[in-house]
Chemist: 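The structure is given below, and queries will be raised subsequently.
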Amino acid sequence: MIRSASQGSTGTSGTSSSGGNSRPGHRKSSLALALTPEDEPMDVYQRNLMDLKYPTVLPPNPPLKALLVFHKSDSICEAITAACQRHQLDVTLVKSKEEALDTLQKSYATAQCYHLIIIDARSSKNLDAEHIARTIRHTHGHHLTTIIAVCKKSFFEKDDVLIALLDAGVNRCVAETTNLAMCSVELKQILHSIIRPHNVMSTQQALYTALHRLKEVVLITDDLLRIQYANRATERLLNMRLDEIISKQLEDIFVSDLSTISEQCKNIKEFDGILTVRRKSQEGIPMHVRVVPVACIGSAPTHLIFNFDVPGGQMDFIATLPQPKEAPRGSLHSVRRCSFDVRSIASDGLRRTSLAKLTSLPLEAPITKIINLLSQVQENCSADEARLIDKVLEFLKREGLYSPQMKEIRTDDPIATDLIGALLTGPSVYSSRRSSNDSIIRTGSSTRTAAIVPAKMKSNPIIMELLDESLSWDFDIFKLEEITDYHPLLYLGMEMFRRFDVFATLNIDENVCKAWLAVIEAHYRKSNTYHNSTHAADVMQATGAFITQLTNKDMLVMDRMEEATALIAAAAHDVDHPGRSSAFLCNSNDALAVLYNDLTVLENHHAAITFKLTLGDDKINIFKNLDKETYKSARSTIIDMILATEMTRHFEHLAKFVSVFGGEEPRDHNPQTDEETSILMRRMLIKVADVSNPARPMQFCIEWARRIAEEYFMQTDEEKQRHLPIVMPMFDRATCSIPKSQIGFIEYIIQDMMHAWESFIDMPQLITYMQINYSQWKKYDEQGVNTLAEIMAKQPPVGKMANSK
């Protein structure tokens, strides 16, 4: 026998479908698919329920195709080719990774597929089998393709090489042999134990789609009567969301006693009777329920299938059920306890708390007053009038209606006055802003070639160990900066792309993504103390943490492509940043200010340079395999997210976020409105990630404050030297109070945004760290610790920046 190492098979082995009078796609084994009606014995209903064979969806049964990737056609390759042909597989031979990927791309484009791919893994000099396997797994349409690696016999004496191949997506590793009979037997085992079960698995989506669209209620529990599956009709019957149903005990949704069901199912008998169903916030409804026990493994029932018959044969009975007067969406507490869709988030009680917070902000948009007044009127009017007001509110939730105007700010707080004024106003008043995107790239900087990608990215166990925690909110980005020798974006970016399956989403080779990250990082200036690739990596890490939190809460707000574009936008949102503000750019008559008419200069430049670099070199073009429409959508999302980091519209975005996501009444599903809501959520996500420093652990918060202060000090120094208007007089290194600047920033910018975002995403550590840091800055202010030198004495800088001082 050929020795082999394999991943756990997804299914059990079956017997051949050839021979006898069996029909194509059917098997006559007890372990095979269900028997056809004509094959079923007459006494079937007199046998034990677990022996019954229910009809199943027949798996695809096309002619099998095999792709062989061998550096050269030697005796091993010839033996495997002959074995494939013996089992009637259509064989294609390619001799390089590029040729293999091109072949797969063409097959996908023509709606064809290769069921089996065999890769020569005997020598990494000729073919990097591990990389080829991983790339295939990231290629559309090949997540169920069977991949076999042919290895040297010596590889089986130690497991490191084999495990690396299996981890890369290989299903089985087999030892090289020229014996045709051994190759044939091994191939037969692969066909039965891997390829056929994969074909069966591919039918599951059809079954789930059918169940989901049924008008009849279908509910599945485990043997302990915990609900494992519920279709859409179940949600309507119970008047509950899916997240409220799954994992519930069955007794929670029935008024009737369930002991009879438990007893009969233990004896492997069906149940048929009348049970009273408990609807949320409604009276119980008697329904005809049938329960069928199913043994997925072994002979004892592992699952129970509940089918609710519609009373009296009424086809759409569920649609006639009374709905509660108040939508059962819950309060803000339920937002944190349950999962929800982005389209239903507007039904939660965030508006009551967040709109109240907005009234305390040092700004006021007229539209906020209007919405508040209409909401008050709506509480005391008729149902028809309330519906009309709902329509009015929908019209008001549009772009251009949320531009805020300044309220009066305390004149005794020059820090706050300077800071808020700089954030809200445009460059015409020579203002500055705190956002990471508010600095300008100076002209005259030519396109730089990317730095050499550090070799053997996986060879440093310290880096790998640190990246294991890359989705933790306490992640130490400064340590990554230090141990990667100022390449944090490259290493963290590849880890984020891997974790969120960006390679497969973009249908791109991971080396292209690695090269793209290297080029983007090369265009972040190391001379900047704040706006460098470490900040970009930090924003990307925060973005990944937020996406993970949304996923963990089952908040279905972002699909795979939206996750990928969000990470890309985060990585590139400040690319080519020189450490000078927008106001500095306009005051110095920079060419970019002229080009963009002094409007959103920085963000326009960051977005433009991102696509100029990406599309200018095919070796780093991460979008090259996307179709035209997908690329257009991805480009639009990335640009919109980068532009959203422009801080002069900060309060506008915040006011609209609270207004849209803080509604108490559920909104009708409207594709246009849903898309607008998703855009708003993505904008807030990157905005919070961009200025999340005050909500990080204290040592990180203080280090970021030190770095941004130093960068602003450098701008003020240059403004004095060039006799330009001084945009931020408070940021004079001799007189600046860093604690006061941070206190003002938290009070007027961060606090309300963090509370609104935390209410949406449920990350209490954001508020905890923000409050701890705010208290620390207050303490420093009371102690008279003001200058950068005094701050550094209290809290030494971290990472490599500490060694450079």
Chemist: Please list all pairs meeting salt bridge (charged side-chain N to carboxylate O under 4.0 Å, His left out) that have one or both residues in residues 557-568, counting only residues at least two apart or in different chains.
Modeler: Asp501-Arg560, Glu562-Arg682
Chemist: If you take all heavy atoms of Met754 and Ser692, which pair is closest and at what distance?
Modeler: CE-CA, 3.8 Å
Chemist: Taking C-beta and beyond as the side chain, do Trp777 and Val785 meet within less than 4.5 Å on heavy atoms?
Modeler: no
Chemist: Do Glu521 and Ser533 have side-chain atoms, one donor and one acceptor, less than 3.5 Å apart?
Modeler: yes
Chemist: So Phe661 and Phe657, would you call those rings parallel, tilted or perpendicular, with 30° and 60° as cut-offs?
Modeler: tilted
Chemist: Kindly indicate whether a cation-pi arrangement holds for Arg696 with Trp473, taking the cut-offs as under 6.0 Å to the six-membered ring centre and within 45° of the axis.
Modeler: yes
Chemist: Quick one, Met496 and Ser470 - any side-chain contact, counting heavy atoms below 4.5 Å?
Modeler: yes
Chemist: Between Tyr524 and His577, does the ring-ring contact (aromatic ring centres under 6.0 Å, His included) criterion hold? Intermediate values first, please.
Modeler: CA-CA 6 Å; Tyr524 277 94; His577 196 300; 8.3 Å; no
Chemist: With a 4.0 Å cut-off on N to O distance, would you call Lys779 and Glu782 a salt bridge?
Modeler: no
Chemist: Among side-chain atoms of His531 and Glu711, is any donor-acceptor pair under 3.5 angstrom?
Modeler: yes
Chemist: If you look only at pairs with a residue in residues 725-739, which of them pass as a salt bridge (charged side-chain N to carboxylate O under 4.0 Å, His left out), with sequence neighbours excluded?
Modeler: Glu710-Arg733, Asp717-Arg733, Lys720-Asp732
Chemist: Kindly compute the distance separating CZ (Phe611) from CD1 (Ile638), expressed to the nearest 0.5 Å.
Modeler: 4.0 Å
Chemist: Taking all non-hydrogen atoms of both residues, which atom of Leu724 and which atom of Ser588 are closest, and how far apart?
Modeler: CD1-CB, 4.2 Å
Chemist: Do Tyr774 and Glu747 have side-chain N/O donor and acceptor atoms under 3.5 Å apart?
Modeler: yes
Chemist: Can a side-chain donor-acceptor contact be found between Asp690 and His573 if the only test is distance below 3.5 angstrom?
Modeler: yes
Chemist: Return yes if a side-chain donor-acceptor contact under 3.5 Å exists between His650 and Lys687, otherwise no.
Modeler: yes
Chemist: What are the two closest non-hydrogen atoms of Leu467 and Tyr491, and how far apart are they?
Modeler: CD1-O, 3.9 Å
Chemist: Taking the side chain from His723 and the backbone from Glu719, do they hold a donor-acceptor pair closer than 3.5 Å?
Modeler: no
Chemist: Does any part of the side chain of Arg707, heavy atoms only, come nearer than 4.5 Å to the side chain of His535, both counted from C-beta?
Modeler: no
Chemist: Using the test salt bridge (charged side-chain N to carboxylate O under 4.0 Å, His left out), find all partners of Arg635 that sit at least two apart in sequence or belong to another chain.
Modeler: none
